[in-house]
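Quick notes on the structure that follows.
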Amino acid sequence: MVIKKARKNLTERRLKILNREFFRLAEDVRRIKEHSIENLEYLIDTAEKNMERNGFEVYFAKNVREGQKVVLDFFEDSSTVLKAKSMVSHELDLNSALMEGGTEVWETDLGELVIQMLNDRPRHMTMPAIHIKADEAFKALGVEDFEELKIRVRKLLREKLAKADGGITGANVISADGSLFIIENEGNARLVSALPEKVMTVTGVEKIVDSFSSAVKVSEVIWKSAGYYSPSYLNVISGISKSGDIEKRIIKGLHGPSKHAILLLDNGRMKARDSAFKEALYCVRCGACQFSCPSYEALNADWGVVYSGGIGAVWNYITGSESNPFYCLNCGACVETCPLKINVPEMLRKLKMIKIGKIN
Ligand code: SF4
């Protein structure tokens, strides 16, 4: 099974990386997330002011309908939009919304591109094509092996990048002092966020933390928990491209996009802060718990409409999508694996009670 192989590889990698220092850092990150979620209104206000000062346009959306409208308005005059990986973009069903309006949309993350070609959906937070065998991926891209795949994807996406007038990215963390943190290995997110004329970063409000140094700590926990000593790229974007080279006069949009907007999505997150599902907002989306879950493996990751697995079931509930909490066996493997020790089975127990009408 594909997932079994991925789980074995990740476990081996994590064992080499996760040491006492990591666990101390993870405890720190848990405190950072608790503090940030507790003070979220204040941090949203601070982030908005600082991001606008840095040259970003900032938008808010309460739900999917509002989110789609913001994105469609922003890209109204764009003909080709390229996307880096973003689960929030799937939460907003952006590909369909943009394509229905006549915009060409291309995923640039390899796993997301394969999924797009197969008309499928992501089934893991960091490895969207986790359920797809190499042969299926080759077939979808019309190639025979990994070498051909690399050449084909590079050529196809460079052609698309050359004509793209829009770019969409997600963000792993946002610091309230106005910086976006995007962790990646492929290098596509930096191209998508730098080359097109207009770029929009779509993300959930819960990604905001109090400071730049906190955002660096959260980022480190994410990539290490996902099995990397360090990612190939940590993109930190703190404003739009500018130059003060001539007479120290600032000109904006020189090499990078002339407009970079940020969409902060609520879609149930603020309400979840006052519920039994608050702990889910601490999730940094490293995806490690999904690998540890026996049900997720047995289901070939086919558990949940937008977000997958146990934590995905909670996220689907928060954001108004479908999942079956009864797949959870309550074994607790996810809590053991989670760097923030988020008690997913306990939230799923509550979700089961809601489903059978025992509690509201
Ligand atoms: S619940 Fe924990 S292990 Fe799972 S994705 Fe979130 S932070 Fe990572």
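The structure displayed is predicted, hence computed values, not measured ones. Positions are given from 1, in the same order as the sequence printed here. Every number for a ligand or one of its atoms is a count from 1 in the order of the listing.
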Run through Arg273, Lys271, Arg269, Lys278 and flag the one making a salt bridge (Lys or Arg N to Asp or Glu O under 4.0 Å) with Glu206. Arg269
Distance filter under 2.8 Å, centred on atom 6 (Fe) of ligand 1 - protein N, O or S atoms that pass it: Cys283 SG
For Lys139, is there an ion pair with Glu136 - N to carboxylate O distance below 4.0 angstrom? no
Whether Asp177 side chain and Ser211 backbone form a donor-acceptor pair below 3.5 Å: no
Does Trp223 reach the side chain of Leu234, with side-chain heavy atoms less than 4.5 Å apart? yes
May I ask you to check whether Tyr327 and Trp303 place their ring centers less than 6.0 Å from one another? yes
Less than 6.0 Å separating the ring centroids of Tyr307 and Tyr317? no
Non-hydrogen atom of Pro339 closer than 4.0 Å to ligand 1: yes
